[in-house]
Amino acid sequence: MNELEKKIILTIFTIGPTFISKLANRILENQQNVKIAVDKLVVTGILERVENLMVSYKTKDNNVVIKHRNHTYYDLTKAGKKVAKTLPIEENLEIREAFKTYNKSLQNILDNTISETQKTYVINFPYSQETNIKNILQDEFFNLEKEYGTTITLRGVISKEKEQLLSQLTNVVILRS
């Protein structure tokens, strides 16, 4: 489990259910990176989508706010709560206040900051290669945007090592954006 995933787990454990853009702003992280981490935590059973229409969360002063859910909210599962209780709380873990400090321009700066090693890829391949692609990408496969047509198209961030392995397969086209 990486540091961002730990930060997400501890934040949701502290404040309750939240949605991706608000979570990214509260922990000062790139929204796309938070989405990828949340998707992985959902696949591993640590987080789950909130199903009910009303959601409650805590403010910095431990006040509880109840709000109608107009985004996709995520909360810890029972297993996720057990994991959260075992994680040490970092002294430098800063959870910003939900509304008072929400700064759209700051979030735009964070969201547009992508490191040199992170590039979005478009991977196009025939259905016959799907098993090979899944074997190479493993967990990353589930985090990529998928489009099924006459071929399968994946969009998202992959590592250079995985790109090299994919390029060795026949009938696989990889484009960097």
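- Interatomic distance, I123 CD1 to L175 CG, rounded to the nearest 0.5 Å: 9.5 Å.
- Annotation: the span from R26 atom CZ to I12 atom CD1 amounts to 10.5 Å, rounded to 0.5 Å.
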- prompt: For T44 and M1, what are the C-alpha separation, side-chain angles and deciding distance, and is it a side-chain contact (heavy atoms from CB on, under 4.5 Å)?
  reply: CA-CA 11 Å; T44 59; M1 186 176 309; over 6 Å; no

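- Only one option out of L154, I158, V173 pairs with L166 in a side-chain contact (heavy atoms from CB on, under 4.5 Å); it is I158.
- Remark: the backbone N or O of I20 is not paired with any side-chain donor or acceptor of K22 at under 3.5 angstrom.
- Counting only heavy atoms from C-beta outward, the side chains of I136 and L169 approach each other to under 4.5 Å.
- Annotation: K146, atom NZ; neighbour count of heavy atoms from other residues, nucleotides and ligands within 6.0 Å is above 12.
- With a 4.5 Å cut-off on side-chain heavy atoms, I174 and V122 do not count as touching.
- Using a distance-only test at 3.5 Å, with no hydrogens or angles considered, no donor-acceptor pair links the side chain of Q164 to the main chain of E161.
- None of V83, L4, T86 except one satisfies the side-chain contact (heavy atoms from CB on, under 4.5 Å) rule with I9; the exception is V83.
- From E3, atom CD reaches atom CG of L10 across 9.5 Å, with rounding to the nearest 0.5 Å.
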task: Would you check, one step at a time, whether the test salt bridge (charged side-chain N to carboxylate O under 4.0 Å, His left out) holds for R155 with E147?
output: CA-CA 9 Å; R155 288 181 180 80; E147 183 181 308; 3.4 Å; yes

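- The CD1 atom of I36 sits 10.5 Å away from atom CD of E5, with the distance rounded to the nearest 0.5 Å.
- Rounding to the nearest 0.5 Å gives a distance of 10.0 Å between NZ of K7 and CG of L23.
- Side-chain contact between V34 and I8: present, with at least one pair of heavy atoms (C-beta onward) separated by less than 4.5 Å.
- Under a cut-off of 6.0 angstrom, the local environment of NZ in K35 is sparse, with at most 12 non-hydrogen atoms contributed by other residues, nucleotides or ligands.
- Two residues are said to be in side-chain contact when any heavy atoms from C-beta on lie closer than 4.5 Å; I133 and I152 fail this criterion.
- Listed by chain and number, the residues in a side chain to side chain donor-acceptor pair (under 3.5 Å) with T151 are N124 (sequence neighbours excluded).
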query: So I46 and L76, side-chain contact (heavy atoms from CB on, under 4.5 Å) or not? Walk me through it.
result: CA-CA 6 Å; I46 292 174; L76 294 169; 4.2 Å; yes

From CA spacing to verdict: side-chain contact (heavy atoms from CB on, under 4.5 Å), E48, V42: CA-CA 6 Å; E48 64 186 351; V42 168; over 6 Å; no

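- In this structure, E130 pairs ionically with K134, as a charged nitrogen and a carboxylate oxygen lie closer than 4.0 Å.
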task: Could you please spell out the steps behind the side-chain contact (heavy atoms from CB on, under 4.5 Å) verdict for N171 and F125?
output: CA-CA 6 Å; N171 298 324; F125 56 94; over 6 Å; no

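- With 3.5 Å as the limit, one finds a donor-acceptor pair spanning the side chains of T170 and Q129.
- The line from CD1 of I27 to CG of N33 is 10.0 Å long, rounded to the nearest 0.5 Å.
- Side-chain atoms of V50 and Y74, non-hydrogen and from C-beta on, never get closer than 4.5 Å to each other.
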